[in-house]
Amino acid sequence: MGANVVKVDEQSWDAEVIGSDMPVLVDFWAEWCGPCKIVAPVIDELANEYSSKVKFAKLNVDDNPRIAGQYQVMSIPTFALFQNGEVKKRFVGAMPKERFVSELSEWLG
Amino acid sequence: MAEEYDLIIIGGGPAGLTAGLYAARSMLKVRLFEKEVVGGQTSITDIIENYPGFPKGISGFELTDKMREQAQEFGLELDMVEVTSVDFSGPVKKVVTPSGEFNAKAVIITTGVRPSRLDVPGAQELTGRGISYCATCDGPFFRNKKVMVVGGGNSAVEEALYLTKFASQVTIIHRRDQLRADKIVQKRAFDNEKVDFLLDSVITAVSGDGLVSGVTVKNVKTGEEKEVPADGIFVFVGNLPNTELFDGKLTLDERGYITTDESLMTSAAGVFAAGDVRYNLLKQVVVAAGEGALAAVSAEKYIESQE
């Protein structure tokens, strides 16, 4: 995992995601999921480039089923952009970096 | 300034990776573009039992990861970026991506197919909320739940069997009166007590508040509709070729697949196509790999003929 990506869990969720001053992109993932592993380096790269604008976080759905359930995540990887504690944007599946940049242009621009 | 290559490959599934292996091993300077996931559709397949050399089967992820590693051993350059435009009109083939422009003497297209989406009321809103196109990604969310699998081909029935590891009940819903999957796969499904069938039937709507809770099923013979509770819907109802980029630049058949000659050359000289994106009768990894090899050798011959 890249140095600029924060690992979050049920304990740190409220502080790191809900209460964050910065927008947070959460990557809901699990070990069993091939596309999750493949997209991980893309998230690392985005985190390295845009860490001044958006916080990048990863939540393991296996270890944190309560949060995955709360947000009704039933497909992974799911990406959700949180701002002021609310989901502003959500998408499912691995994508190339450029696609993330355009989907998140409102926050990364 | 565009970067110069002997060969550019567009698409990193088994056909593209095999073409890359052959071309790199022939000492061509070759770059492969992949926009999403190396291994493509194969990489999310639970287990592949009919690729020769793996008597116990091998996961799609592991097989394609090994293909990638092998091709890179021989010098294939892999670039994870989407190709946004191509120009095949001249002797120099031009390929444009957000990170730069690339010129090549020949191109191999191995962009494959993507799964057709379930196109009924409720489907778009509930995708990722109970509707899934990847059993290996999402199966574990459905422990002790009731799921439906839409489709009757190999993908549908094999993924239904995979889902029995998690789900309490798996219902295969198929529009015809019998399945299309290989007999051995069908037999496993018939023998599995968690699997049942709704034949001659289609889903006409998906319902749920934030999460899938049920579907409307219509019997295509009687026209009768009924509500069936379900927590998950896994969709495997065929494929669409990824050829939008080549529309108007290459000859496509009426369904959008690229047509080629026996050497796998398309309607544009020096541009080849291999694997699922080319119309063929058997969409299997072994066929895609074989075609990838042939396309690479044909491309190499083409390049030599131009020098």
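By convention in this document, chain letters (A, B, ...) are assigned in the order of the sequence lines, proteins followed by strands, and residues within each chain are numbered from 1.
Within a 6.0 Å radius of NZ in B:Lys94, other residues, nucleotides and ligands contribute 12 heavy atoms or fewer. Within 6.0 Å of the NZ atom in B:Lys66, the count of heavy atoms belonging to other residues, nucleotides or ligands does not exceed 12.
Along residues 90-109 of chain A, the residues that come nearer than 4.5 angstrom to chain B, judged on non-hydrogen atoms, are A:Arg90, A:Val92, A:Ala94, A:Met95, A:Pro96, A:Glu98, A:Arg99 in order of number.
Checking B:Val212, B:Thr127, B:Leu211, B:Asp138 one by one against A:Met74, the side chain to side chain contact (heavy atoms under 4.5 Å, CB included) holds for a single residue, B:Leu211.
Sorted by first then second residue, the salt bridge (Lys or Arg N to Asp or Glu O under 4.0 Å) pairs that include residues 122-136 of chain B, not counting sequence neighbours, number zero.
The closest side-chain heavy-atom distance from A:Pro35 to B:Ile44 is below 4.5 Å. Between B:Met80 and A:Glu45, every side-chain heavy-atom pair lies at or beyond the 4.5 Å cut-off.
Shortest non-hydrogen contact noted between A:Ile38 and B:Val38 is CD1-O, 4.1 Å.
In this structure, the portion of A:Val61 lying under 4.5 Å from any heavy atom of chain B is its side chain and not its backbone. Contacts of B:Tyr133 with chain A are absent, with no heavy-atom separation under 4.5 Å from either backbone or side chain. Looking at B:Ser132, both its backbone and its side chain come within 4.5 Å of chain A, counting heavy atoms on both sides. For chain B, the nearby parts of A:Ile76 are the backbone and the side chain; heavy atoms of each come within less than 4.5 Å.
Interatomic distance, OG of A:Ser75 versus CZ of B:Phe234, reported as 7.0 Å (0.5 Å rounding). Here the CZ-CH2 distance, from B:Phe141 to A:Trp32, works out to 5.0 Å after rounding to the nearest 0.5 Å.
Ranked by heavy-atom pairs under 4.5 Å with chain A, the list B:Ser99, B:Gly232, B:Pro98, B:Gly39 is led by B:Pro98.
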